[in-house]
Each structure stands twice: as C-alpha cells, then as structure tokens.
Asks: 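Dropping the structure in here first, questions after.
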Amino acid sequence: MLADDRIFIGGSTKAEYLHLKLANRHGLITGATGTGKTVSLQILAEGFSNAGVPVFCADVKGDLSGIAAAGVEKDFLEKRADQIGFADDYIYEGFPTLFWDLFGEKGHPIRTTVSEMGPLLLARLLDLNATQEGVLNVAFELADDEGLLLLDLKDLQSLLAHVAERASELSRVYGNVSKASVGAIQRQLLVLDRQGGDAFFGEPALDIRDMMRTTRDGRGIVSVLAADKLMSSPRLYATFLLWLLSELFEELPEVGDPERPRLVFFFDEAHLLFDEAPKVLVEKVEQVVRLIRSKGVGVYFVTQNPLDVPDEVLAQLGNRVQHALRAFTPREQKAVRAAAETFRPNPDLDTEQVIMELGVGEALVSTLEKKGVPSVVQRTLIRPPSSRLGPLEDGERREIVAASPLAGIYERIEDRDSAFEVLKRRAEEAALMEARQLEREAEEERRRGEPRRTRSGFELPDFGRDDRPKTRRRTTTRRSRSDSVVETAAKSVARSLGSALGRALVRGIMGSWKRGF
C-alpha cells in the first residue's frame, strides 16, 4: 500500500490515496471536536515526510508534537491496521521535526520585521478601521521616503509619534492625517505588545528556506509550530499564518505542477483567519491559495465546519477528508448539507446521513485523480499513525530543539540601527540646537545689559546709547551731518576772505571734497 507517488490514507471498499502530483491542489480536513481531525493531519504529514516533502503545521492542542517520536504498540492501532489490510506495512517510527514557537519557549523563535508584515496584514492584526489603516499606510510611505527601517514595534511606535508631530505638514503631502487616528493605532500597538506580539517583530527574521529542509536520507522535515499559548491571541495566530503563506507566495519561484509538492502547509483552526475578516483580506487569501500551487505549495485547511471557509477559497480545495459533524441546530444542519453537497456523489451512500453517523477515526474521503477529477466519496477507516499519539514530554522536546541544525541561530537577537534610533538622534540633535540657540540669545541679552568700561575696567556713564545694529539709513544720516559741518566751516572761511577770488577758491575746494564723498 505504500508507494512513491501517493500517500495511503485509509481503507474503504478499496485503498484510498492522496496522489502527490495533485497534492498541490490543496485540501480540507473538517469535523467536530474529538472526531479525529488531528490524526488525519498527522498521517498526511507522515506520508509527505516519507515522500521527501517538507511540512509545516500548527500544533494547537499540543498533541501533534508526538510526530517526532515513534509510536507505541497498542491493540486498537494494530486492529485498525489489520482491518484495512495495512498490517504488513505498518511500522512505528518518528519523523524528523523542527519545533518553532513565536514566544521562543517550546521551539526556535520565529520573527519577522514590521516592514515585511506590511500595512495590510498589520491593520488586520491591530483590528484597525479604514481611516486608521489609511494613516498606517501614510506612516509606511513616510518611512520609505525618508529611509527609515521598520524592524520591531518600537520602530513603529517612534514613527507614529513622529507622524503625529508632523500631522499638519504630512496632511498636505499624503492626505489627511488625524492625530486621533494615530493615537488609536498606538493604543492597539500597546495591547499587542502586552499580549507578547513584540516577540514576533525583530531580527533575525525567519528564512523561509529553513522550513523547506530535507534530511540526508531524503525525508522531508516536519516543522511544528507550538500554538497552544498563541491561541490566546487568535488574531495574532491567524495573521502570522497568513503572513507566512504570503511570504511563501512572494519568495518561491514558479515551478508549474511538479511531481510532488515543494512544501505542504497545514492551517489548523482555519476559521480564525476568516472570522470578521474584511473583504480585501479574503480576496488576498483567495489569490494566494489560487496562485501558490504553481509555486509547488499545497495548502490544507483544518477546521470544524466547512462553512468556516468562504466559498471563493473552498472552491480551490480539491482533496477532502470529512469527519463526523453533529446536527443539533439549524446552522449545524445547514453545515452537514453543505458538506455533503461538496462531494462527488456515491450512489451507494447517503452522504448527508453518513456524515452524522461517522465514528471516531472514520471519514468521508474524496481526492483528486487523473486529470484533476475528484474521486467518488467513500466512507473510509483512517490508517493508524506510525508516530506517537499524544504530546512529547518537555525533556524530549528540549533535546530535539538542542540537537536541531538551527540551534542558536534564531535564539540570538539583533537590533540594527533603525527608525527608533534614527528618530531618537534627530530629536536629540534638534533639542541640542534649540538649547544652543537659547544660550546665544541669553548671552546676547546679557551683553546688552552690561555697562561700558575702559580698558582699565572703569565704568563709563551711559548717555542714552543705542546698542541696536545700525542700519544703512543711519550711516547715511551720519554722513549728511558730516557734510553740513564741513559746509558751515567753509562758509565761515568764505566770509572771512571777503573777496570773489576767495569765494571761487573755496568753491573749488568744496567741489573736490564733495566729489571725494
């Protein structure tokens, strides 16, 4: 039942497989709590790993960490393997695993920069309205224009304070910038900071290639994100996974339809991504899901109810595993009906009725076959996992993290010169210049108030002097007074000479003197 080109899922009237060549057409795992969704995710992750495909998955409840250790022989597992004809191929083994944790407690820290997150996802994370999102976009645009690096939350907080100070000026260039909107964003950042969001922003930022590793023997490494604590901040959880998906979409080159995916991404508790999501965000998710398959990435949403996923996204999910649903309320009945209608009908099954009758470990399975056509839905017993059912012990997890090829790389923290430091220096320089200007003005005022003194230090009387700077007009007035004094003296000389010759001589002298001026 094990083959290189497909993953064995379980047994119905025949063996049910997920074909690797069509695994990048995405998928959906749904079902009520306790019906076996996590085990379905686990056996698919095992199959992809054995096929050489790296896997990323979020561990919401903590029990998915057991994939790193070999399973323990149990009667019900052996019985299940025998029921579906899997006994000869069933072995217990652990799988190569990397543990990650946004808070750095149960795995390698994951960080990104504020710039890489971008204003759209950040606005979603902060739950901003349209006006506040517009102001946030202005802040990012200003950072680009002035060469300010936005790496962590303190960079963004400093930038927003800078924007508030220059609100009037920036409004003329970028459009209306309200100080009230800036204040609202700052308050939301404070809430995010207190929830531990500051640990997510900074450097070193995650290198996507570290989640796409394989071992020397060709098995894909399973990256497990510890999300039990993260789920207390559901918006941070959903935004982080969407950011990671967007990074994969932007960073990976086109490869068309490869023989097997380059990476498979499991998005557990997927309803958190779409709860109260604005239309622009849903459109972005739809775009990423639709186009990322050409990058060789398969995306599998895991949620309780198929109605949790918008129709635009649901239409992109070709491989489906439907566990039991309960129908006690009108909405639940509608969900059962919707789930049944999404499968290719099986004339031997009342799909809607079977969904409500499925036991733990059973599911309705339909996967894409040749040419991408969905298979007829079948009631299937899911195969037992080879790895451990249940979580690792804390000591086991620490040993795996310490032996990881990434140990010590993401644990260190970098703090480059960025917006916070640049704006702080600018503020200090402006304060220093202002202090110097005030000092110069005080010195000038002091000098104007000092008495005149001789060289020996004796104080001279002040005869109504004017210490203000002399203007050109004042200089001209002094020159006119000098002229009048000279003319008066000349006239006196002329009168004393008392002759025409004397007057002519005086006029000659006066003419020469005046022309000299």
Side-chain angles (χ1 to χ4, degrees), residues 56 58 98 100-105 107-128 132-163 182 185-186 188-212 223 225-227 230 233 235-252 265 273 281 284 288 406 408-426:
F56 174 86
L98 286 173
W100 302 88
D101 185 357
L102 259 66
F103 305 103
E105 297 172 357
H108 304 299
I110 294 182
R111 299 185 191 89
T112 187
T113 64
V114 171
S115 293
E116 287 176 344
M117 175 67 76
L120 174 63
L121 292 183
L122 199 57
R124 163 66 171 164
L125 179 60
L126 299 175
D127 195 22
L128 305 183
Q132 294 159 0
E133 184 178 347
V135 172
L136 187 63
N137 275 281
V138 169
F140 271 76
E141 189 69 22
L142 178 65
D144 288 340
D145 292 346
E146 297 192 358
L148 299 172
L149 289 177
L150 298 177
L151 302 180
D152 50 28
L153 285 189
K154 70 178 186 294
D155 289 329
L156 183 56
Q157 289 164 338
S158 298
L159 178 64
L160 289 170
H162 184 62
V163 167
V182 174
I185 299 172
Q186 289 174 319
Q188 291 297 90
L189 281 176
L190 181 60
V191 173
L192 177 63
D193 194 359
R194 289 182 175 177
Q195 290 178 349
D198 61 319
F200 176 47
F201 294 101
E203 290 186 313
L206 175 68
D207 186 341
I208 291 296
R209 292 171 296 180
D210 285 332
M211 287 189 173
M212 302 178 65
S223 290
L225 173 70
L230 184 59
S233 305
R235 194 174 294 273
L236 176 59
Y237 169 78
T239 306
F240 161 71
L241 291 186
L242 180 56
W243 164 78
L244 186 56
L245 198 58
S246 301
E247 283 293 295
L248 289 168
F249 174 69
E250 293 173 5
E251 295 294 329
L252 297 180
F265 187 102
L273 178 61
L281 190 65
K284 180 177 178 62
V288 170
L406 302 179
I409 295 177
Y410 290 102
E411 282 73 11
R412 59 185 173 82
I413 298 177
E414 298 176 2
D415 191 9
R416 283 196 291 160
D417 198 57
S418 52
F420 174 77
E421 288 79 13
V422 172
L423 293 175
K424 182 180 179 181
R425 280 199 300 272
R426 287 185 187 177

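In what follows, every heavy atom counts, from backbone to side chain, and hydrogens, waters and symmetry copies are set aside. Start at 1 with the first residue, then count along the sequence.
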Asks: What are the two closest non-hydrogen atoms of His108 and Glu411, and how far apart are they?
Replies: ND1-OE2, 2.9 Å

Asks: Any side-chain heavy atom of Asp417 within less than 4.5 Å of one from Leu149?
Replies: no

Asks: Using a 3.5 Å distance criterion without hydrogens, assess whether the side chain of Arg124 forms a donor-acceptor pair with backbone atoms of Arg235.
Replies: no

Asks: Which residues pass the ring-ring contact (aromatic ring centres under 6.0 Å, His included) test with Phe240, sequence neighbours left out?
Replies: Phe200, Trp243

Asks: Show the nearest heavy-atom pair for residues Leu142 and Val163, with the distance to one decimal.
Replies: CD2-CG2, 3.8 Å

Asks: In Å, rounded to the nearest 0.5 Å, how long is the span from CD of Glu116 to CG of Leu150?
Replies: 11.5 Å

Asks: Can you name the closest pair of heavy atoms from Gln188 and Leu126 and give their distance?
Replies: NE2-O, 2.6 Å

Asks: Would you mind reporting whether Asp198 and Leu192 have side-chain heavy atoms less than 4.5 Å apart?
Replies: no

Asks: Please round to the nearest 0.5 Å and tell me the distance separating atom CD of Glu247 and atom CE of Met117.
Replies: 9.0 Å

Asks: Is there a donor-acceptor pair closer than 3.5 Å between any side-chain N or O of Asp155 and the backbone N or O of Asp152?
Replies: yes

Asks: Are Tyr410 and Leu206 side-chain neighbours, meaning at least one heavy-atom pair lies under 4.5 Å?
Replies: yes

Asks: Which pair of heavy atoms, one from Phe265 and one from Leu241, lies closest together, and at what distance?
Replies: CZ-O, 3.7 Å

Asks: For a side chain to side chain contact (heavy atoms under 4.5 Å, CB included) check, start with the C-alpha distance between Leu244 and Leu225, then their side-chain angles and the critical distance, and finish with the verdict.
Replies: CA-CA 12 Å; Leu244 186 56; Leu225 173 70; over 6 Å; no

Asks: Between Leu281 and Leu121, is any pair of side-chain heavy atoms under 4.5 Å apart?
Replies: yes

Asks: Please tell me whether Phe56 and Trp100 form a close aromatic pair, meaning their ring centres lie under 6.0 Å apart.
Replies: no

Asks: Hey, what do you get for CD (Glu203) to CG (Leu151), rounding to the nearest 0.5 Å?
Replies: 4.5 Å

Asks: Less than 4.5 Å apart, any side-chain heavy atom of Leu122 and any of Leu156?
Replies: yes

Asks: Heavy-atom distance under 4.5 Å between the side chains of Leu160 and Leu189, does that happen here?
Replies: yes

Asks: What is the distance from atom CD1 of Ile208 to atom CG of Leu252, rounded to the nearest 0.5 Å?
Replies: 7.5 Å

Asks: Side chain to side chain contact (heavy atoms under 4.5 Å, CB included) between Leu159 and Phe140: does it pass, once the steps are laid out?
Replies: CA-CA 9 Å; Leu159 178 64; Phe140 271 76; 5.8 Å; no

Asks: Hey, is the main chain of Leu98 close enough, under 3.5 Å, to the side chain of Ser223 for a donor-acceptor pair?
Replies: no

Asks: Any non-hydrogen side-chain atom of Lys154 less than 4.5 Å from a side-chain atom of Ser418?
Replies: no

Asks: Testing the basics here: between Ala227 and Tyr237, what is the closest heavy-atom pair and its distance to 0.1 Å?
Replies: CB-CE1, 3.9 Å

Asks: Which pair of non-hydrogen atoms, one from Pro109 and one from Gly104, has the smallest distance, and what is that distance?
Replies: CG-CA, 4.0 Å

Asks: With a 4.5 Å heavy-atom cut-off, do Asp193 and Phe201 have their side chains touching?
Replies: no

